[in-house]
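Below is one structure; the comments refer to it alone.
In each ligand, atom 1 is the first atom listed, and ligand 1 is the first ligand listed.
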Amino acid sequence: MAASTSRPNVAIVGVTGAVGQEFLRVLEQRNFPIGHVKMLASARSAGKRIDFKGKSHTVEELTEKSFKDVDLALFSAGGSISKQYGPISSEAGATVVDNSSAFRMTPGIPLVVPEVNPEAVKGIKLGKGGIIANPNCSTIIMLVPVTPLHRAATVVRMVVSTYQAASGAGAAAMAELEQQTREVLDGRPATCKIFKQQYAFNLFSHNSAVQDNGYNEEELKMVRETHKIWGDERPKITAMCVRVPVMRAHAESINLTLAKKLTVEEAREILDKAPGVSIIDDRKNNRFPTPLDASGRDDIYVGRIREDISRNGSGQEGYGLDLFVSGDQLRKGAALNAVQIAELLL
Ligand SMILES: NC(=O)c1ccc[n+]([C@@H]2O[C@H](COP(=O)([O-])OP(=O)(O)OC[C@H]3O[C@@H](n4cnc5c(N)ncnc54)[C@H](OP(=O)(O)O)[C@@H]3O)[C@@H](O)[C@H]2O)c1
């Protein structure tokens with residue numbers, strides 16, 4: 001018998017990974033009501049012990065039978081695992097919130113940022129199956145601050161450049177950045193296993209596959225997912241995604257073209273009231289958001305809020321805005337957003 005859905009039984013698929021570990025922290029910190037928790041990972045991790053809410057739990061190998069009596073399954077074990085086990089979980093009655101890209105663009109599957117489109121989960125109930133997709137981390141970090149501006153002045157074009165941390169590529173990538181940093185400082189060659197190029201003291205174009213049009217997959221996710229979440233394909237969006245040697249938390253430079261004039265003061269007022277947004281915008285002291293500000297935090301930090309001067313003299317003054325944002329992609333970009341989705345279902 002599944003637990004009453006006011007205290008759902010929860011399975012965490014990929015619990016030993018970077019996002020999986022963050023799931024545990026977020027569930028505990030938000031005091032998410034849980035009946036029983038099931039920790040799932042690959043056969044490699046089966047038998048490991050993980051503490052949660054003061055109790056030690058044994059990691060089990062993920063199998064087709066893992067979802068019996070589970071009401072909520074939080075998936076973060078990669079796209080192929082989600083594709084294989086997501087439908088099995090849903091069939092067994094466990095509602096899936098999936099962090100991979102497996103179902104994000106599947107018609108009929110909601111792609112949700114709770115601050116933006118909570119209505120998309122209407123009708124979905126915990127313990128009754130169904131799949132909900134968590135957007136790409138860079139998309140979430142962009143849309144939490146940009147959506148309230150879009151609602152006020154309509155984004156017609158958006159140009160975004162990302163500065164993406166190692167944690168976005170998982171626990172092994174974080175370990176690789178740490179190891180390479182030590183190696184380079186010791187004058188030894190950097191060991192490259194996760195990334196093909198030296199990461200420490202370097203930066204490179206995002207490691208996802210490059211398509212025929214020259215865009216990599218991460219960039220296209222930001223474009224397509226935004227259109228799906230906003231339910232509007234009209235905004236023109238282009239992205240340039242780059243990995244930087246930061247351990248945790250992404251940053252993004254965002255340029256907006258708006259359909260209506262919006263002053264810096266108006267934008268700041270909107271962002272000040274926006275849920276999930278904090279402003280760090282101290283021009284006098286040249287103090288703006290950094291990944292260290294955002295690390296371990298729930299909010300997306302926004303600064304460099306300024307009018308785009310490239311429009312001066314064009315008659316389009318006031319229709320362009322620049323922002324610099326930073327957000328912890330393990331939290332708001334992954335685990336926190338997924339838990340907030342689950343909270344909508346309670
Ligand atoms: N990192 C981010 O910021 C971020 C953001 C949004 C979405 N995501 C998505 O979340 C997923 C996980 O990312 P991550 O960064 O947490 O990666 P990670 O640190 O590499 O962790 C991967 C997890 O998947 C498990 N796993 C691997 N193969 C498995 C199998 N055959 N059966 C069961 N479990 C298996 C691993 O278990 P073992 O320890 O047993 O190998 C581990 O728990 C990916 O789909 C990623 O795209 C990540």
Side-chain angles (χ1 to χ4, degrees), residues 11-26 38-50 57-67 73-86 88-89 96-104 111-113 131-143 162-178 193-195 206-209 217-218 221-222 225 241 243 246-252 291 294-296 300 326-341:
I12 301 169
V13 182
V15 72
T16 50
V19 177
Q21 289 294 295
E22 202 58 40
F23 265 133
L24 297 179
R25 278 188 282 273
V26 171
K38 201 174 232 188
M39 308 230 177
L40 300 168
S42 77
R44 292 179 291 275
S45 302
K48 274 190 189 166
R49 308 284 299 176
I50 293 183
H57 297 263
T58 305
V59 178
E60 297 171 38
E61 181 186 356
L62 172 67
T63 70
E64 297 195 354
K65 299 198 176 105
S66 297
F67 301 99
L74 299 167
F75 271 69
S76 68
S80 57
I81 298 293
S82 294
K83 274 193 189 131
Q84 187 180 346
Y85 291 95
I88 292 170
S89 168
V96 174
V97 182
D98 181 39
N99 256 302
S100 80
S101 58
F103 305 108
R104 287 182 191 148
L111 182 65
V112 179
V113 182
I131 299 175
I132 303 167
N134 206 55
N136 171 272
C137 46
S138 304
T139 310
I140 297 175
I141 289 165
M142 174 172 73
L143 291 191
T162 69
Y163 309 74
Q164 296 187 222
S167 55
M174 294 166 85
E176 179 154 308
L177 176 59
E178 192 175 328
K193 283 193 198 142
I194 304 291
F195 300 115
H206 193 276
N207 45 297
S208 55
E217 278 174 3
E218 185 85 352
K221 283 176 189 173
M222 293 185 80
E225 292 180 16
C241 291
R243 282 251 184 244
V246 163
M247 195 54 78
R248 183 170 170 150
H250 292 348
E252 301 178 7
S295 291
I300 307 302
S326 187
D328 187 328
Q329 89 296 332
L330 286 177
R331 283 186 83 86
K332 186 55 189 165
L336 171 64
N337 196 72
V339 171
Q340 287 173 316
I341 291 173

Identify the protein heavy atom lying closest to atom 3 (O) of ligand 1, giving its residue, its atom name and the separation to 0.1 Å. Q329 CG, 3.2 Å
Show the atoms of ligand 1 that are less than 4.0 angstrom away from any heavy atom in S45. 38 (P), 39 (O), 40 (O)
Main-chain N/O of G327 paired with H250 side-chain donor or acceptor, under 3.5 Å: no
Residue pair V13 / F67, side-chain heavy-atom distance below 4.5 Å: yes
Identity and distance of the protein heavy atom lying nearest atom 17 (O) of ligand 1: G170 CA, 3.8 Å
Can you tell me which residue and heavy atom of the protein come closest to atom 12 (C) of ligand 1, and the distance to 0.1 Å? S76 O, 3.2 Å
Please indicate whether any nitrogen or oxygen in A169 is less than 3.5 Å from any nitrogen or oxygen in ligand 1. no
Short N-O contact, K193 and E176, less than 4.0 angstrom: no
Closer than 4.0 Å to some heavy atom of A334 - which atoms of ligand 1 meet that? 5 (C), 6 (C)
Relative to the heavy atoms of G78, which atoms of ligand 1 are at a distance of less than 4.0 Å? 11 (C), 44 (C), 45 (O)
Contact between ligand 1 and S167 is defined here as a heavy atom of the residue under 4.0 Å from a ligand atom; is it met? yes
Give a yes or no on whether the backbone of I140 and the side-chain of K332 come within a donor-acceptor separation of less than 3.5 Å. no
Taking R248 first and then E22, would you say they form a salt bridge - that is, a charged N and a carboxylate O separated by under 4.0 Å? yes
Do any nitrogen or oxygen atoms of S100 come within less than 3.5 Å of a nitrogen or oxygen of ligand 1? no
Give a yes or no on whether atom 47 (O) of ligand 1 lies under 4.0 Å from any heavy atom of the protein. no
Hey, which atoms in ligand 1 end up nearer than 4.0 Å to a heavy atom of G168? 1 (N), 2 (C), 3 (O)
Give me the residue, atom name and distance of the protein heavy atom closest to atom 29 (C) of ligand 1. S42 CB, 3.6 Å
Can you list the ligand 1 atoms lying under 4.0 Å from a non-hydrogen atom of V15? 43 (O)
Test your reading of the structure: does V19 have an N or O sitting under 3.5 Å from an N or O of ligand 1? yes
I want to know if ligand 1 touches C137 in the polar sense, i.e. an N/O pair below 3.5 angstrom. no
Region of S101 engaging ligand 1 - heavy atom pairs below 4.0 Å: neither
Can you report which non-hydrogen protein atom sits closest to atom 43 (O) of ligand 1, along with the distance? T16 OG1, 2.6 Å
Among all residues two or more places apart in sequence or in another chain, which pass the side-chain contact (heavy atoms from CB on, under 4.5 Å) test with S82? F75, D98, S100, A102, F103
Side chain to side chain, S138 and K221, heavy atoms closer than 4.5 Å: no
Which atom of I194 lies closest to which atom of A172, heavy atoms considered: CD1-CB, 3.5 Å
Specify the protein heavy atom at minimum distance from atom 26 (N) of ligand 1: its residue, its atom name, and the distance to 0.1 Å. A77 CB, 3.9 Å
of all protein heavy atoms, closest to atom 9 (C) of ligand 1 is N99 O, 3.6 Å
Heavy-atom check, side chain of H57 versus side chain of V15, under 4.5 Å: no
Check ligand 1 against L330 and write out every atom of the ligand that is under 4.0 Å from a heavy-atom position of the residue. 1 (N), 2 (C), 3 (O)
Distance from atom 28 (N) of ligand 1 to nearest protein heavy atom, with residue and atom: R44 NH2, 3.5 Å
Side chain of D328, backbone of G296: donor and acceptor closer than 3.5 Å? yes
Just to be sure I read this right, does ligand 1 sit under 4.0 Å from the backbone of I81, its side chain, both, or neither, counting only heavy atoms? side chain
From G79, G17, G14 - option closest to atom 21 (O) of ligand 1 by heavy atom: G17
Which atom pair, heavy atoms only, marks the closest approach of M39 to L24? CE-CD2, 3.9 Å
Go through it in stages, so that I can follow the logic: the residues are M142 and T162, the test is side-chain contact (heavy atoms from CB on, under 4.5 Å), and I'd like the CA-CA distance, side-chain angles, deciding distance and then a yes or no. CA-CA 10 Å; M142 174 172 73; T162 69; over 6 Å; no
What closest approach, in Å, do E218 and C137 show between heavy atoms, and which atom pair accounts for it? OE2-SG, 4.4 Å
For ligand 1, find out whether one of its N or O atoms is nearer than 3.5 Å to an N or O atom of A18. yes
N99 side chain to N134 backbone, donor-acceptor under 3.5 Å: no
